[in-house]
S.K.: 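Got a structure for you, written out below as structure tokens; questions coming shortly.
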Amino acid sequence: MRRALRMTLLLLIGAGLLRVALFTDLYLRYVKQGMRPLLIASGALLVLLAAAEAVSGARRREDDGHGDDEEQEHGHGHHASGTPRAAWLLLPPALSLLLWAPPALGAYTAARQPAQPVTRASDFDPLPATSPLPLTLSDFTRRVRQDDTQAIRGRVVRLTGFVTPGGRDGDWSLNRIIISCCAADARTVKVRVRSPHTPAADTWVTVTGTWRPGGTLGTASAPVALEARSVRKVAKPVNAYTDALLPAPSG
């Protein structure tokens with residue numbers, strides 16, 4: 001690969017990483033929060049390598065009085081390194097990371113993934129008397145399908161996630177996407193919601209309601225579903241790839 005192309009790619013990718021990880025929260029669209037220091041270090045290293053490449057090329061030209069060292073060796077700039085022309089295809093994604101960060105996973109992904117089983121709880125603590133009771137989607141799923149005390153029966157709960165339209169009987173899905181490392185290993189937790197109106201896809205909402213009866217509560221036959229009493233639009237959290245509780249809506 002010619003020196004100019006190497007230097008350009010290193011600089012663009014490094015600057016793109018620094019942009020999304022150092023100056024914004026865009027990196028949370030792709031990786032976990034704990035990966036930020038590694039992204040910053042990687043971006044800084046790539047920028048330094050680009051600078052070193054530029055300095056090395058300048059010194060070589062001063063020493064031998066020629067242009068690109070690879071062009072000098074072969075005499076043909078466009079065939080200098082023998083690198084496939086496909087290497088130039090690395091430029092668009094590098095520019096994309098720098099100028100326009102791809103969006104986070106959302107309703108499109110959730111609609112095409114089956115609901116993933118949540119980890120089994122060995123024991124359940126008593127539920128607090130708070131009403132409505134704030135729960136994560138994973139906690140609600142565990143209570144519905146694993147808690148043989150059936151403590152969730154009749155309780156008014158509050159869940160938060162983003163919307164995937166269902167298209168039948170007024171049902172739709174409330175979702176959270178969870179990652180272990182990066183967006184490539186994303187899994188989806190879903191709760192089926194019944195309400196008179198379906199919010200737009202990818203809208204973040206807080207739903208207050210009660211478990212919709214079916215099957216046997218505390219077993220796998222119980223539907224992970226909610227009869228909605230209220231649906232309220234909320235702001236998308238900064239770190240959306242977790243199933244964490246959000247602050248209670250004000251007002």
Side-chain angles (χ1 to χ4, degrees), residues 1 5-55 87 89-113 115-119 134-142 159-164 174-191 201-206 233-250:
M1 185 184 295
L5 179 57
R6 288 199 302 263
M7 183 179 65
T8 300
L9 286 175
L10 288 170
L11 182 60
L12 289 178
I13 296 173
L17 288 175
L18 290 176
R19 174 191 171 238
V20 300
L22 183 59
F23 303 110
T24 71
D25 291 320
L26 292 175
Y27 73 99
L28 291 173
R29 297 180 179 181
Y30 322 114
V31 298
K32 292 184 68 172
Q33 192 169 18
M35 300 289 287
R36 186 174 201 173
L38 295 177
L39 290 178
I40 294 174
S42 299
L45 178 60
L46 290 173
V47 171
L48 289 175
L49 288 174
E53 187 79 10
V55 171
L89 296 177
L90 294 173
L91 279 174
L95 286 170
S96 174
L97 189 62
L98 182 62
L99 303 176
W100 176 79
L105 303 179
Y108 180 87
T109 300
R112 286 156 179 79
Q113 279 190 344
Q116 299 295 313
V118 298
T119 56
L135 290 174
T136 66
L137 272 63
S138 296
D139 287 341
F140 180 75
T141 301
R142 291 189 189 99
L159 311 177
T160 299
F162 65 89
V163 175
T164 300
L174 188 69
N175 314 273
R176 295 299 289 264
I177 291 178
I178 306 171
I179 64 174
S180 299
C181 176
C182 63
D185 61 29
R187 60 187 180 89
T188 304
V189 181
K190 300 182 180 183
V191 173
D202 280 318
T203 303
W204 279 79
V205 297
T206 291
K233 185 177 179 180
V234 297
K236 179 181 179 180
V238 173
N239 191 0
Y241 286 150
T242 65
D243 191 19
L245 290 176
L246 301 183
S250 59

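What you see below is based on every heavy atom in this structure, not just the backbone, and it leaves out hydrogens, waters and symmetry mates.
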S.K.: How about Val189 and Phe140: do any of their side-chain heavy atoms sit closer than 4.5 Å?
M.R.: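 No, side chains not in contact.
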
S.K.: Starting at CG of Leu10, measure out to CG of Leu49 and round the result to the nearest 0.5 Å.
M.R.: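 Reported to 0.5 Å precision, the distance equals 6.0 Å.
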
S.K.: For the side chain of Arg36 and the backbone of Ala21, is there at least one donor-acceptor N/O pair under 3.5 Å apart?
M.R.: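 Such a contact is found between Arg36 side chain and Ala21 backbone.
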
S.K.: Please report the shortest heavy-atom distance between Leu11 and Ala50, naming the atom on each side.
M.R.: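 Smallest interatomic distance, heavy atoms only, reads N-CB, 3.7 Å.
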
S.K.: With rounding to the nearest 0.5 Å, note down the distance linking CD1 in Ile13 to OG1 in Thr8.
M.R.: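 Here the interatomic distance stands at 10.5 Å.
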
S.K.: Between Tyr241 and Arg29, is there a donor-acceptor pair closer than 3.5 Å when you use the side chain of the first and the backbone of the second?
M.R.: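 Indeed, once roles are kept as given, a pair shorter than 3.5 Å links the two residues.
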
S.K.: Tell me, do Leu137 and Lys190 make a side-chain contact under 4.5 Å, heavy atoms counted?
M.R.: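 Counting from C-beta outward, Leu137 and Lys190 never come under 4.5 Å.
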
S.K.: If only atom types and distance count, is the side chain of Asp243 paired as donor or acceptor with the main-chain N or O of Thr136 below 3.5 Å?
M.R.: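 It does not hold such a pair.
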
S.K.: For Arg19 and Leu26: C-alpha separation, side-chain torsions, deciding distance, then whether side chain to side chain contact (heavy atoms under 4.5 Å, CB included) applies.
M.R.: CA-CA 8 Å; Arg19 174 191 171 238; Leu26 292 175; 3.8 Å; yes

S.K.: On a heavy-atom basis, which atom in Ala44 and which in Leu18 lie closest, and how many Å separate them?
M.R.: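 Distance-wise, the nearest heavy atoms are N-CD2, 3.8 Å.
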
S.K.: Return the minimal non-hydrogen interatomic distance between Arg176 and Thr242, and the atom names on each side.
M.R.: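 Answer, listing the atom of Arg176 first, then Thr242: NH2-O, 2.7 Å.
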
S.K.: Taking all non-hydrogen atoms of both residues into account, name the closest pair between Leu105 and Ala186 and its distance.
M.R.: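 Of all heavy-atom pairs spanning Leu105 and Ala186, the closest is CD1-CB, 3.7 Å.
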
S.K.: If you round to the nearest 0.5 Å, how far is CG of Leu22 from CD1 of Ile40?
M.R.: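 Between atom CD1 of Ile40 and atom CG of Leu22 there are 4.5 Å.
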
S.K.: Which heavy atom of Phe162 sits nearest a heavy atom of Gly106, and at what distance?
M.R.: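 Distance-wise, the nearest heavy atoms are CE1-C, 3.4 Å.
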
S.K.: Minimum heavy-atom separation for Ala15 to Val47, with atom names?
M.R.: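 Reported closest heavy-atom pair: N-CG2, 3.9 Å.
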
S.K.: Check whether Asp185 reaches the backbone of Ile179 with its side chain - one donor and one acceptor, N or O, closer than 3.5 Å.
M.R.: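 Not at all, since once roles are kept as given, no pair shorter than 3.5 Å links the two residues.
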
S.K.: Identify which one of Leu159, Leu174, Thr160 satisfies the side-chain contact (heavy atoms from CB on, under 4.5 Å) criterion when paired with Val205.
M.R.: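 Exactly one pass, corresponding to Leu174.
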
